[in-house]
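Worksheet: the structure to be examined is printed underneath.
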Amino acid sequence: MNTHFQNDLAEILKERAAKGQISRRQMLQGFAALMGTTALGAGAAKAQEGRLVFVNWGGDALDAMDEAFGTPFTEETGIEVLYDGSGPTEGAITAQVQGGNPTWDLVDADPFSSQALGRKGLMEPIDYDIVDEAKQREGFGWEYSSSCYFYSYVIAYDATRFDEPPTSIADFFDTEKFPGKRSMYKWGAGMWEAALLADGVAPEDLYPLDLERAHAKIEGFKEHIGAFWGGGAESQSLLLNGDVSMALIWNTRASLLHKDTEGEITFTWQDGIIGPGGIGVLKDNPGGTEAAMRYIAATQEPERQVVLFQMLGNAPSNPAADELIPEGERRFNAMDPENLPKQVALDTDWYEENYGAALDAYLQIISA
């Protein structure tokens, strides 16, 4: 699921630059902050002495030094960080390590993927003597992955179509009180939780997810779904074009909708589903485990994480960054103390064990 979100973040940067909302320089800074690297192109980067290769999900070739993470890290350590946009799928990571001569060091991967690969001996445990646990949010540090940002699936809605705004996920599923078509995420994550919350399951009782109950709820609601979106731009256009009155979408897109329409299309954090992004380190990585851990520690600095938030809307993983966000922008931070209590986080342990089979069943339902 992280693949789709990462690709969408790159689209957001390009869209904002095209609209003149950010400069080309800011766009490149945002790309660099997103990748956590010095941006030297989208092709496969080769590991060399004094370098780290950070593998992300790609985007356009980049031609500017990273001013959020990469440049400060290089200035502090003398270690250069190269960007490789070939995509850290589980299969690619497995091939890198099992081939015996990996060229990658760090990967931006779902924490549950890093956990599964780590248990197979393919990832290095995070060295919490170097990576500062105090700079992570409580409950969001893992054995084989360090959190680096957060996003959320939220209820976005066309406020012009309702006398009163929806205030819960139950309202999303109530088409009598809130008429109109809906849209949900094609790739399942967050949708099972939403269906169960709407069906009366308490947030603290969500896991392990009752997939049979969730799928029954979704199947019974399918007639009200105008479209299942697969990318962020699609989710945004469905609301802008009036094809749906509500959608469960990434908060990054919901924030853009709110700003671009001056609140005519807006969103609520209530019953949002929080997803974490993480950084993992390959086993026997060529740049060295210590250097990779030092890089992760450098990305924890709150000032650097604010750059990512300002470019893309990704919430910081270091809670100290929350107070550095301008007060007028804090309402768009998924992890702000005002917004966080209204939401529930994805359980990475459950996803590690169940995501593949759950997605297969979900796709059968929504495709029928």
Side-chain angles (χ1 to χ4, degrees), residues 1-2 5 33 36 69 106 108-116 118-119 123-154 189-190 193 196-197 201-209 250-252 269-281 292-309 312-325 327 329-355:
M1 61 184 173
N2 199 45
F5 182 67
F69 296 145
L106 298 130
D108 183 349
D110 283 304
F112 73 82
S113 295
S114 293
Q115 289 294 99
R119 297 188 202 287
M123 304 291 284
E124 295 284 356
I126 300 299
D127 186 345
Y128 286 108
D129 288 333
I130 298 174
V131 178
D132 192 347
E133 286 186 279
K135 293 181 179 179
Q136 292 180 332
R137 297 182 190 273
E138 186 176 355
F140 293 105
W142 303 275
E143 185 176 0
Y144 297 101
S145 181
S146 174
S147 58
C148 58
Y149 61 81
F150 292 89
Y151 58 96
S152 187
Y153 300 89
V154 298
E193 290 86 348
L196 291 172
L197 288 171
V201 177
E204 62 271 18
D205 297 329
L206 275 175
Y207 294 96
L209 296 180
W250 292 316
N251 72 283
T252 47
W269 292 111
Q270 188 61 50
D271 296 335
I273 313 296
I274 296 169
I279 301 177
V281 178
M293 297 300 168
R294 290 173 67 190
Y295 169 79
I296 294 175
T299 68
Q300 294 182 298
E301 293 306 309
E303 296 83 2
R304 299 171 190 177
Q305 294 196 356
V306 171
V307 172
L308 192 62
F309 169 79
L312 295 168
N314 287 13
S317 61
N318 185 342
D322 294 338
E323 294 183 359
L324 302 182
I325 294 173
E327 189 169 351
E329 293 291 305
R330 292 177 187 177
R331 62 160 299 180
F332 301 111
N333 176 11
M335 305 303 280
D336 186 85
E338 291 293 319
N339 303 326
L340 181 58
K342 301 174 184 177
Q343 305 174 80
V344 62
L346 297 176
D347 186 317
T348 56
D349 290 339
W350 185 90
Y351 274 84
E352 178 188 341
E353 297 293 331
N354 299 283
Y355 181 59

Does the side chain to side chain contact (heavy atoms under 4.5 Å, CB included) test come out yes or no for Asp110 and Tyr351, once each step is laid out?
CA-CA 10 Å; Asp110 283 304; Tyr351 274 84; over 6 Å; no
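- The CD atom of Glu143 sits 9.5 Å away from atom CD1 of Ile126, with the distance rounded to the nearest 0.5 Å.
- Residues passing the side-chain hydrogen bond (donor to acceptor under 3.5 Å, both in side chains) test with Arg294: none are found, sequence neighbours excluded.
- Using bins of under 30°, 30° to 60° and over 60° for the plane-to-plane angle, the ring pair Trp250/Tyr151 lands in the perpendicular bin.
- Taking Gln343 as the reference, Ser152 meet the side-chain hydrogen bond (donor to acceptor under 3.5 Å, both in side chains) condition, with sequence neighbours excluded.
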Working note: Asp322 + Arg137, criterion side chain to side chain contact (heavy atoms under 4.5 Å, CB included); need CA distance, chi angles, decisive distance, verdict.
CA-CA 11 Å; Asp322 294 338; Arg137 297 182 190 273; 2.8 Å; yes
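- Smallest separation of non-hydrogen atoms from Glu133 and Tyr128: CG-CD2, 3.2 Å.
- Distance check, rounded to the nearest 0.5 Å: CG of Asp271 to NZ of Lys342 gives 11.0 Å.
- With sequence neighbours excluded, the residues forming a side-chain contact (heavy atoms from CB on, under 4.5 Å) with Leu206 are Glu193, Leu196, Leu197, Val201, Leu209, Val344, listed by chain and number.
- Contact between Ala315 and Met335 at its shortest, heavy atoms only, is CB-CG, 3.5 Å.
- Across all non-hydrogen atoms, the minimal contact from Gly278 to Ser145 is CA-OG, 3.5 Å.
- Every residue two or more places apart in sequence or in another chain that forms a side-chain hydrogen bond (donor to acceptor under 3.5 Å, both in side chains) with Glu329 is listed here: Lys259.
- The minimum heavy-atom distance between Val281 and Leu106, with the atom names listed, is CG2-CD2, 3.8 Å.
- Scanning for side-chain contact (heavy atoms from CB on, under 4.5 Å) contacts around Ser147 gives Gln136, Phe140, Trp142, Phe150, Ser317, with sequence neighbours left out.
- In this structure, CD1 on Ile325 lies 13.5 Å from CZ on Arg331, to the nearest 0.5 angstrom.
- Legend: residues meeting ring-ring contact (aromatic ring centres under 6.0 Å, His included) with Trp269, ordered by chain and number and at least two apart, are Phe267.
- In terms of heavy-atom proximity, Pro337 sits nearest to Pro341 at O-CD, 3.1 Å.
- The two atoms that bring Asn251 and Gly313 nearest to each other are ND2-O, 3.7 Å, heavy atoms only.
- Remark: Asp336 pairs with Arg330, Asn333, Glu338, Asn339 by the side-chain contact (heavy atoms from CB on, under 4.5 Å) rule, at least two apart or across chains.
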Show the numbers, then the answer: is there a side chain to side chain contact (heavy atoms under 4.5 Å, CB included) between Asp347 and Tyr207? CA-CA 7 Å; Asp347 186 317; Tyr207 294 96; 3.5 Å; yes
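- Within the model, atoms CZ of Phe112 and CG of Leu346 stand 9.0 Å from one another, a figure rounded to the nearest 0.5 Å.
- Pro302 is linked by a side-chain contact (heavy atoms from CB on, under 4.5 Å) to Asn318, Ala320, Ala321, Leu324, counting only residues two or more places apart in sequence or in another chain.
- Remark: side-chain polar atoms of Glu124 are not paired, donor with acceptor, to backbone N or O of Tyr144 under 3.5 angstrom.
- Within a 6.0 Å radius of CD in Glu204, other residues, nucleotides and ligands contribute more than 12 heavy atoms.
- Between atom OG of residue Ser114 and atom CZ of residue Arg119 there is a gap of 11.0 Å, rounded to the nearest 0.5 Å.
- In this structure, the separation between OG on Ser146 and CD1 on Ile296 is 5.5 Å, given to the nearest 0.5 Å.
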Start with the C-alpha gap between Ile279 and Thr299, add the side-chain angles, then the distance that decides, and say whether side chain to side chain contact (heavy atoms under 4.5 Å, CB included) holds.
CA-CA 10 Å; Ile279 301 177; Thr299 68; 4.1 Å; yes
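- Few gaps surround CD on Glu303; more than 12 heavy atoms of other groups in view lie less than 6.0 Å from it.
- Under the side-chain hydrogen bond (donor to acceptor under 3.5 Å, both in side chains) criterion, Gln300 pairs with no residue, sequence neighbours left out.
- At a threshold of 4.5 Å between non-hydrogen side-chain atoms, the residues Tyr149 and Phe309 do not count as touching.
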